[in-house]
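The structure appears right after this line, and notes come after that.
Atom set for the values below is all heavy atoms of this structure, side chains included, hydrogens, waters and symmetry mates excluded.
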Amino acid sequence: MRTVLIVILLLVAAGGGGAWYIWNGMQPVEPAGPAVTFTIDKGMGSAEIADLLEQNGIIRNSLFFKGYLKWTKEGSSFKAGTYVASPGDTYDELIERLNAGDVVKEETVTFTIPEGYTAEQIAKKLAEAWNQDAAIFLEIMDTGAGLKGIDVLGIPQNKNLRHRLEGYLFPETYELAKDSTPQEVVEALLDQFQKKLDTIPNWKQKLEARGMTLHELLTVASLVEREVVVDSERPLVAGVIYNRLKKEQKLEIDATVQYLLDKQKERLLYKDLEVDSPYNTYRNIGLPPGPISNPGLASIQAALEPEASEYYFYVTKKDGTQGHLFAKTYKEHLANIEKSKQESK
């Protein structure tokens, strides 16, 4: 095909005025009007691209451009994407741009999901970023409608779950295309969770050794995320949670009650601890039905590899360090509570 093209060009050149015809056809189009946006799809050959340039009025004659590409041995490295070119651009300018993949920068939205955010908080964050109703994102998180990742991860469907995807929406800074659909946005968070989880060596084997499901692991990780600020304490707190579970002792974790409230309280009242919910670990033995937040990687790793200890209790220090005092017995725990109160004075 290329040989035929060269022969045609030579025949045209041999005719009267042929040289001028070719020379004129290879000149840039007269600059006129705004720049033109065009898209090269994956798999398009140089001949198709030449035709596309002519159709968009960027070059005069695709036949001559094809011949020029043959002569200069160009066209095999053109990259797919959306480009902007102006009538008046030379062949060499176009070739350089296509070789470099100098595509139009896609308009994007950047947003950050902090560690420990709940599904409701994330939905509000996404709504602000995309100027949409938070209910749209929350419905997707509740139903999983249109999401592929939900099947890959085996996320359970339990009527007791407040939000089905709670715990699986990875906290991270994202940059996504501005025209992304709500499903695509939520899917990106699920995809990132899977990628981050796979960075933990042998996590599946470790999970199996603990005799837990991924959902249970994330539930523990979410408790650690909401309870701990000091990273070094995460494995130790995870160990305390497992100790209480093994002993079938109520977890009595404030964060599980806070999760049920419309607005977080600085201090819970006794009446708050009586709320009737499977998430309330003051009333129920064992783990809540699912995660109460979306944990970061450190909390997931802590839940997977807890620090062994004889501790069953911990209380937050009130000295500003945000660390904890740990105890083996309830008597020691009460002493730690008093000690913490003294530190706050």
Side-chain angles (χ1 to χ4, degrees), residues 114-125 134-135 138 141-142 158-167 169 171 215-216 218-230 233-234 236-238 240-245 247-295 299 303 311-327 329-345:
E115 294 176 348
Y117 256 37
T118 65
E120 291 185 10
Q121 289 174 310
I122 293 175
K124 290 178 182 177
K125 193 84 171 179
L138 198 59
M141 295 173 188
D142 288 347
N158 183 334
K159 64 179 182 179
N160 287 326
L161 293 176
R162 292 194 76 197
H163 306 293
R164 189 180 178 191
L165 301 191
E166 191 81 83
L169 306 167
H215 192 69
E216 290 170 334
L218 290 177
T219 302
V220 174
S222 73
L223 298 176
V224 173
E225 188 66 63
R226 293 307 293 261
E227 289 283 285
V228 184
V229 174
V230 180
E233 290 187 350
R234 295 185 193 279
L236 189 55
V237 170
V240 172
I241 292 172
Y242 286 124
N243 285 347
R244 293 177 77 100
L245 288 172
K247 196 176 178 181
E248 294 189 348
Q249 187 174 346
K250 292 176 184 176
L251 295 179
E252 297 183 341
I253 291 177
D254 288 0
T256 61
V257 177
Q258 292 278 14
Y259 181 63
L260 301 170
L261 302 177
D262 293 331
K263 187 176 181 180
Q264 298 284 294
K265 289 186 176 181
E266 186 175 337
R267 184 178 179 180
L268 292 172
L269 303 176
Y270 284 114
K271 66 178 183 179
D272 295 322
L273 306 183
E274 293 300 316
V275 62
D276 185 15
S277 168
Y279 281 90
N280 186 353
T281 55
Y282 277 88
R283 289 180 59 119
N284 306 291
I285 294 174
L287 291 172
I292 63 169
S293 70
N294 292 275
S299 291
Y311 295 134
Y312 284 84
F313 304 89
Y314 59 87
V315 63
T316 304
K317 295 178 182 178
K318 290 184 170 56
D319 59 359
T321 63
Q322 297 183 305
H324 291 88
L325 296 171
F326 295 86
T329 66
Y330 186 61
K331 184 178 179 180
E332 290 176 0
H333 180 55
L334 291 176
N336 281 342
I337 292 174
E338 288 303 315
K339 182 179 179 181
S340 179
K341 288 179 180 177
Q342 293 298 320
E343 290 174 343
S344 67
K345 295 179 180 180

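- Annotation: the span from Q264 atom CD to D254 atom CG amounts to 10.5 Å, rounded to 0.5 Å.
- Using cut-offs of 30° and 60° for the angle between ring planes, the Y314 and H324 rings count as perpendicular.
- Figure legend: cation-pi geometry between R244 and Y311 absent, as NZ or CZ is not positioned both under 6.0 Å from the six-membered ring centre and within 45° of its axis.
- Once rounded to the nearest 0.5 Å, the distance linking CG of N243 with CD of Q249 reads 9.5 Å.
- The distance from atom CD1 of I337 to atom NZ of K318, rounded to the nearest 0.5 Å, is 8.0 Å.
- The minimum heavy-atom distance between Q322 and D319, with the atom names listed, is N-OD1, 4.4 Å.
- Atom CD1 of I292 is separated from atom CD of Q258 by 9.5 Å, given to the nearest 0.5 angstrom.
- Shown here for V275 and R283, the closest heavy-atom pair between the two residues is O-CD, 3.1 Å.
- No hydrogens or angles considered: a donor-acceptor pair under 3.5 Å links the side chains of N294 and E166.
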Report the C-alpha separation of F313 and N336 in whole Å, then their side-chain angles, then the decisive distance to 0.1 Å, and conclude whether the side chain to side chain contact (heavy atoms under 4.5 Å, CB included) test is met.
CA-CA 10 Å; F313 304 89; N336 281 342; over 6 Å; no

Run M141 and L138 through side chain to side chain contact (heavy atoms under 4.5 Å, CB included) and show every step you take.
CA-CA 5 Å; M141 295 173 188; L138 198 59; 4.2 Å; yes

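- Under 4.0 Å is where a charged nitrogen must lie from a carboxylate oxygen, and between K271 and E274 no such pair does.
- To the nearest 0.5 Å, atom NE2 of residue H215 and atom CZ of residue R164 are 10.0 Å apart.
- Between V229 and T316, the closest side-chain pair of non-hydrogen atoms is not below 4.5 Å.
- Annotation for L251 and L287: closest pair CD1-CD2, 4.1 Å, computed over non-hydrogen atoms.
- Judged by distance alone, the side chain of N280 and the main-chain N or O of D276 form no donor-acceptor pair under 3.5 Å.
- For the pair R226 and Y259, the cation-pi test (distance below 6.0 Å, angle within 45°) is failed.
- Remark: E120 CD to D142 CG distance equals 8.5 Å, nearest 0.5 Å.
- Residues H333 and V315 come closest through the heavy atom pair CE1-CB, 3.9 Å.
- Atom CD of E248 has 12 or fewer heavy atoms from other residues, nucleotides or ligands within 6.0 Å.
- Heavy-atom neighbours of K317 NZ from other residues, nucleotides or ligands within 6.0 Å: above the threshold of 12.
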Report the C-alpha distance between I253 and I241 in whole Å, list the side-chain angles of each, state the deciding distance to 0.1 Å, and finish with yes or no for side chain to side chain contact (heavy atoms under 4.5 Å, CB included).
CA-CA 9 Å; I253 291 177; I241 292 172; 4.2 Å; yes

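- Within the 4.5 Å cutoff, no side-chain heavy atoms of L236 are placed close to those of V228.
- Closest heavy-atom contact between S293 and P295: O-CD, 3.3 Å.
- Counting heavy atoms from C-beta outward, L268 and L273 have side chains that approach closer than 4.5 Å.
- Heavy-atom minimum distance, P291 versus Y279: O-CE2, 4.1 Å.
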Applying side chain to side chain contact (heavy atoms under 4.5 Å, CB included), run through Y282 and D272 and close with a yes or a no.
CA-CA 10 Å; Y282 277 88; D272 295 322; over 6 Å; no

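- A salt bridge links R234 with E225: the closest approach of a Lys/Arg side-chain nitrogen to an acidic carboxylate oxygen falls below 4.0 angstrom.
- The closest donor-acceptor contact from the side chain of Y242 to the backbone of A303 lies under 3.5 Å.
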